[in-house]
**Q** 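Quick one: the structure is below, and I'll ask about it shortly.
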Amino acid sequence: MTVTLLIADHNESFREMVKGVLRQAGRMKVVAEATTGEEAVRLAAERQPDVVLMDIGISGMDGIQATHHIKQHRSITRVVLLTAHDEDAYLSATGKSGADSFLPKRRLRSDLVASIRDVVQGLPRALRAVERRLRRATPSQVLGWSGAERRKRRPETDGLTEGPTKVRR
């Protein structure tokens, strides 16, 4: 089965690089390219690709809004959000927009084909990335506590028991 794709990014050289990666993978065909969010929404409706590779920072309607529109009108289309940033805020935007996955552009050459195959098969690749980050993170990082907040919440011990007896306020 050949997977059909729409590439939505304002940068022509980036789109060419993506097409090169996809050509090497085989069984993947680019059926449309968009340079704005509005154009991506229109082409997704017209061409009905299996997967849309959507730049979050695309011109015009941003990638988050465009993804939301695409998923509203054709929920079967899978969307992989692409960004030059590797920020947790973008991971949460993936879920809010209805996107199926998230991929930092710096990992495109190594992970693009696997991301596409995962979303076509219905595997939540973005969720696995969040899960890995949470496993590595300390509770303070997960909760977003600053150094002062961590010190304030650090348990005190009474010297007699092995664990904390009260929390500083």
Side-chain angles (χ1 to χ4, degrees), residues 1-137 141-142 144:
M1 175 185 127
T2 299
V3 177
T4 58
L5 296 114
L6 162 70
I7 303 171
D9 193 289
H10 67 279
N11 186 322
E12 184 178 352
S13 61
F14 178 78
R15 292 192 315 271
E16 290 300 319
M17 190 266 300
V18 169
K19 288 191 288 188
V21 170
L22 297 173
R23 267 192 300 276
Q24 290 177 347
R27 294 191 169 172
M28 295 193 191
K29 180 182 178 186
V30 175
V31 295
E33 296 178 44
T35 58
T36 67
E38 293 84 0
E39 186 179 23
V41 170
R42 181 180 55 76
L43 288 171
E46 288 174 10
R47 302 287 172 92
Q48 300 184 356
D50 298 315
V51 178
V52 175
L53 302 176
M54 177 72 70
D55 178 31
I56 285 179
I58 196 166
S59 303
M61 178 191 304
D62 71 29
I64 306 281
Q65 293 173 321
T67 296
H68 182 74
H69 285 288
I70 290 168
K71 295 299 276 187
Q72 268 188 325
H73 294 100
R74 186 168 157 79
S75 63
I76 195 168
T77 299
R78 303 291 182 222
V79 179
V80 178
L81 286 176
L82 306 172
T83 182
H85 308 283
D86 192 11
E87 304 285 333
D88 290 336
Y90 290 111
L91 285 172
S92 68
T94 301
K96 290 177 186 172
S97 68
D100 299 282
S101 190
F102 167 88
L103 184 63
K105 287 183 176 180
R106 67 178 173 75
R107 293 193 355 236
L108 193 93
R109 289 188 190 273
S110 62
D111 293 353
L112 178 63
V113 173
S115 291
I116 292 169
R117 287 186 178 137
D118 283 352
V119 298
V120 167
Q121 295 172 6
L123 302 175
R125 187 173 187 84
L127 296 179
R128 288 199 309 252
V130 171
E131 194 175 35
R132 279 194 306 276
R133 283 183 181 194
L134 289 176
R135 271 193 234 121
R136 288 191 312 251
Q141 290 170 323
V142 172

**Q** List for me each residue that meets side chain to side chain contact (heavy atoms under 4.5 Å, CB included) alongside His69, sequence neighbours excluded, and say none if there are none.
**A** Val41, Met61, Gln72, His73

**Q** Can you run down the side chain to side chain donor-acceptor pair (under 3.5 Å) pairs that involve residues 54-64, sequence neighbours left out, and say none if there aren't any?
**A** Asp55-Lys105

**Q** Which value, rounded to the nearest 0.5 Å, describes the distance between Ile58 atom CD1 and His10 atom NE2?
**A** 8.5 Å

**Q** Closest heavy-atom contact between Lys71 and Gly98?
**A** CE-O, 3.2 Å

**Q** Taking all heavy atoms of Ala40 and all of Leu6, pick out the closest pair and write down the distance.
**A** O-CD2, 3.6 Å

**Q** Got more than 12 heavy atoms from elsewhere within 6.0 Å of CZ, Arg109?
**A** no

**Q** Would you please test Asp9 and Leu82 for side chain to side chain contact (heavy atoms under 4.5 Å, CB included) and show each step?
**A** CA-CA 9 Å; Asp9 193 289; Leu82 306 172; 5.6 Å; no

**Q** Using a 3.5 Å cut-off and no angle test, enumerate the donor-acceptor pairs between side-chain atoms of residues 20-34 and protein atoms at least two apart in sequence or in another chain.
**A**
residue	atom	partner	partner atom	Å
Glu33	OE1	Arg15	NE	2.7
Glu33	OE2	Lys19	NZ	2.7

**Q** Measure the CD1-CG distance between Ile7 and Leu53 for me, rounded to the nearest 0.5 Å.
**A** 6.0 Å

**Q** Nearest 0.5 angstrom please: Leu112 CG to Met17 CE, how far?
**A** 8.5 Å

**Q** Which pair of non-hydrogen atoms, one from Ala44 and one from Pro49, has the smallest distance, and what is that distance?
**A** O-CD, 3.5 Å

**Q** Report the residues that fulfil side chain to side chain donor-acceptor pair (under 3.5 Å) with Ser13, sequence neighbours left out, ordered by chain and then residue number.
**A** Asn11

**Q** Could I get the full list of side chain to side chain donor-acceptor pair (under 3.5 Å) partners for Thr4, not counting sequence neighbours?
**A** Asp50

**Q** Can you name the nearest heavy-atom pair linking Glu39 to Thr36, along with the distance?
**A** N-OG1, 3.0 Å

**Q** Could you pull out all residues at least two apart from Glu46 that satisfy side chain to side chain contact (heavy atoms under 4.5 Å, CB included)?
**A** Arg42, Leu43

**Q** About how many Å separate CG of Asp100 and CD1 of Ile116, when rounded to the nearest 0.5 Å?
**A** 12.0 Å

**Q** Report the distance from atom CZ of Phe14 to atom CG of Leu108, rounding to the nearest 0.5 Å.
**A** 4.5 Å

